[in-house]
Colleague: 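Okay, handing you the structure first.
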Amino acid sequence: MKKALTIAGSDSGGGAGIQADLKTMTVHQIYAASVITAITAQNTLGVQDVKTLSSKAVCSQLESVLTDLKFEALKTGMLANSKIIEVVTAKVKKYSLTNLVVDPVMVATSGDLLLKKEAVKTYKEKLFPLAEIITPNLDEAQVLADLKGVQKNDPYALAQELIKYGSRYVLIKGGHNPQAAKNKVAQDLLYDGSQYWEFKAPYLKTKNTHGTGCSLSAAIASNLALGMEMPTAVEKAKEFISGAIENNFEVGAGQGPINHFWKLK
Ligand SMILES: Nc1ncnc2c1ncn2[C@@H]1O[C@H](COP(=O)(O)OP(=O)(O)OP(=O)(O)O)[C@@H](O)[C@H]1O
Ligand SMILES: Cc1ncc(CO)c(N)n1
């Protein structure tokens, strides 16, 4: 069985973060290990509390798994601050880890902040150059790229700017793009510095999209672990996410989760 690692925050509500990653990797028949960066007290209504672990605690978890297990791919989710990003960077280098998927999580679906502002620079300078792919949503891409004027809302311009930080691919997720709801198309854009791939799916009108971003990046990491080329890995991950949103179910009173198990039905 292929193995993948997720380095992310815990979502007590079970819809996003580590919990979404483990479910996603499991349904892809990948053995999943996890390094926890933060413990969020969270449910479908929002984030009530966050306890970020020390970089030392993250470091020792990484050493434990990396000295013992060999991973075909890994993903990062909520890394919370610069110190944790630096520890992850050091371990990716030390253990020559490949197929790194970086989901630069900044805010929860509910709008709660999950990353310190100072960490944006560290992401760009330290971790992005080691990534096979970075997967910001439109809002995150805007913060990272810091473009002005009309270019600010243009996924193509944002991808061109973000590829400069050294990842092999950039995926701009379009689920939060106001155009998606208007045109009824959820479009993600993949770029490798010379070629673009557009991945489109029907925009689904539902409040239950908690954890879509985490699950998409975990599915990409799973597909890379299975040996797929990047465009195919993203295409299959998008198909997985669209089905999981379509088959969502009611959990809690707020923004509910997606159905990771829809393919098992
Ligand atoms: N309402 C929707 N209908 C169809 N696809 C969607 C919808 N919302 C998001 N997606 C898709 O889900 C994936 C995740 O995108 P999104 O932009 O929601 O990421 P995110 O903001 O990082 O997620 P999260 O809300 O978990 O932080 C993308 O493939 C996106 O196109
Ligand atoms: C722990 C955690 N990571 C990521 C997200 C992004 O949705 C979230 N809500 N919670």
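In each ligand, atom 1 is the first atom listed, and ligand 1 is the first ligand listed.
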Colleague: Which residue holds the protein heavy atom closest to atom 9 (N) of ligand 2, what is that atom called, and what is the gap in Å?
Modeller: Q42 OE1, 2.8 Å
Colleague: Please state whether the rings of W197 and Y169 are parallel, tilted or perpendicular, taking 30° and 60° as the class boundaries.
Modeller: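 The arrangement is tilted - the two ring planes meet at 30° to 60°.
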Colleague: I need the contact type for L114 against ligand 2. Using non-hydrogen atoms and a strict under-4.0 Å cut-off, is it side chain, backbone, both or neither?
Modeller: side chain
Colleague: For G213, is at least one N or O under 3.5 Å away from an N or O on ligand 1?
Modeller: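 N/O-N/O distance below 3.5 Å exists for this pair.
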Colleague: Which ligand 2 atoms does G9 reach within 4.0 Å, using its non-hydrogen atoms?
Modeller: 1 (C)
Colleague: Compute the shortest N/O to N/O distance between T40 and ligand 2 and return yes if it is under 3.5 Å, no if not.
Modeller: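 Between T40 and ligand 2 (N or O atoms, distance only) the closest approach is not under 3.5 Å.
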Colleague: Applying side-chain hydrogen bond (donor to acceptor under 3.5 Å, both in side chains) to D103 and T135, what does each step give before you reach the verdict?
Modeller: CA-CA 5 Å; D103 185 11; T135 65; 3.2 Å; yes
Colleague: If I take atom SG from residue C59 and atom CD from residue E86, how far apart are they, to the nearest 0.5 angstrom?
Modeller: 12.0 Å
Colleague: I need the atoms of ligand 1 closer than 4.0 Å to a non-hydrogen atom of K238, numbered in the order shown.
Modeller: 29 (O), 30 (C), 31 (O)
Colleague: So, taking the atom named CG in L138 and the one named CG in N153, what distance separates them when rounded to the nearest 0.5 Å?
Modeller: 6.5 Å
Colleague: Ligand 1 and H210, any nitrogen or oxygen pair closer than 3.5 angstrom?
Modeller: no
Colleague: Could you check atom 7 (O) of ligand 2 against the protein and tell me its nearest heavy-atom contact, residue, atom and distance included?
Modeller: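 Heavy-atom neighbour on the protein nearest atom 7 (O) of ligand 2: T109 OG1, 3.8 Å.
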Colleague: Between V107 and ligand 1, does any nitrogen or oxygen pair lie at a separation below 3.5 Å?
Modeller: no
Colleague: Below the 3.5 angstrom mark, is there an N/O of Q187, backbone or side chain, next to an N/O of ligand 1?
Modeller: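 N/O-N/O distance below 3.5 Å does not exist for this pair.
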Colleague: Yes or no: does C214 have any heavy atom under 4.0 Å from an atom of ligand 2?
Modeller: yes
Colleague: Within a distance under 4.0 Å of any heavy atom of A108, pick out the atoms of ligand 2 and give their elements.
Modeller: 9 (N)
Colleague: Can you check which of A201, G175, P202, S242 brings a heavy atom nearest to atom 4 (C) of ligand 1?
Modeller: P202
Colleague: With heavy-atom distances below 4.0 Å as the criterion, list the atoms of ligand 2 near V105.
Modeller: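 Answer for ligand 2: 4 (C).
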Colleague: Do me a favour and list the nearest non-hydrogen protein atom to atom 7 (C) of ligand 1 with residue, atom name and distance?
Modeller: I245 CD1, 3.8 Å
Colleague: Can you list the steps and then say if N177 with Q187 is a side-chain hydrogen bond (donor to acceptor under 3.5 Å, both in side chains)?
Modeller: CA-CA 9 Å; N177 190 334; Q187 181 171 320; over 6 Å; no
Colleague: For atom 3 (N) of ligand 2, what's the nearest protein heavy atom and its distance?
Modeller: G17 CA, 3.7 Å
Colleague: Output yes when the distance from some N or O of ligand 1 to some N or O of L204 is under 3.5 Å, and no in every other case.
Modeller: yes
Colleague: Does a sphere of radius 6.0 Å around NZ in K93 hold more than 12 heavy atoms from other residues, nucleotides or ligands, not counting ones at 6.0 Å or beyond?
Modeller: no
Colleague: Could you say whether the N/O atoms of N137 and ligand 1 ever approach to under 3.5 Å?
Modeller: yes
Colleague: Show your working on side-chain hydrogen bond (donor to acceptor under 3.5 Å, both in side chains) between Q42 and S12 and close with a plain yes or no.
Modeller: CA-CA 5 Å; Q42 188 173 173; S12 53; over 6 Å; no
Colleague: Nearest non-hydrogen contact with atom 16 (P) of ligand 1 belongs to which option: V185, T212, D139?
Modeller: T212
Colleague: With heavy atoms only and a cut-off of under 4.0 Å, state how S10 meets ligand 2: side chain, backbone, both or neither.
Modeller: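 Within the 4.0 Å criterion, S10 contacts ligand 2 through backbone atoms alone.
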Colleague: Does a salt bridge link E250 with K207, judged by any charged N lying under 4.0 Å from a carboxylate O?
Modeller: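 Salt bridge: yes.
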Colleague: Which atom pair, heavy atoms only, marks the closest approach of N81 to L115?
Modeller: N-CD1, 4.2 Å
Colleague: Kindly confirm or rule out an N or O of D188 lying under 3.5 angstrom from an N or O of ligand 1.
Modeller: yes
Colleague: Quick check: closest heavy atoms across S10 and Q19, and the distance to 0.1 Å?
Modeller: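 For S10 versus Q19, the nearest heavy atoms are OG-NE2, 2.9 Å.
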Colleague: Do other residues, nucleotides or ligands put more than 12 heavy atoms under 6.0 Å from Y95 OH?
Modeller: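 Atom OH in Y95 is crowded, with more than 12 foreign heavy atoms closer than 6.0 Å.
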Colleague: Between Q160 and Y196, does a side-chain hydrogen bond (donor to acceptor under 3.5 Å, both in side chains) hold up when you go through it step by step?
Modeller: CA-CA 10 Å; Q160 279 174 26; Y196 291 104; 2.7 Å; yes
Colleague: Counting non-hydrogen protein atoms only, what is the nearest one to atom 27 (O) of ligand 1? Give residue, atom name and distance.
Modeller: T109 OG1, 4.0 Å
Colleague: Compare every heavy atom of A219 with every heavy atom of H28, then report the nearest pair and how far apart it is.
Modeller: CE1-CB, 3.8 Å
Colleague: Can you sort out which atoms of ligand 1 are near G211, meaning under 4.0 Å from one of its heavy atoms?
Modeller: 26 (O)
Colleague: Give the residue and atom name of whichever protein heavy atom lies nearest to atom 12 (O) of ligand 1, and the separation in Å to one decimal.
Modeller: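 The closest heavy atom on the protein side is I241 CG2, 3.4 Å.
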Colleague: Name the closest protein heavy atom to atom 5 (N) of ligand 1, giving the residue it belongs to and the distance to 0.1 Å.
Modeller: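 That would be A186 CB, 3.4 Å.
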Colleague: So, is K173 polar-close to ligand 1, with some N/O to N/O distance under 3.5 Å?
Modeller: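 Right, the criterion is met.
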Colleague: Do you know the tightest heavy-atom contact between L190 and P231?
Modeller: CD2-CA, 4.0 Å
Colleague: Closest heavy-atom contact between L22 and S34?
Modeller: CD2-CB, 4.1 Å
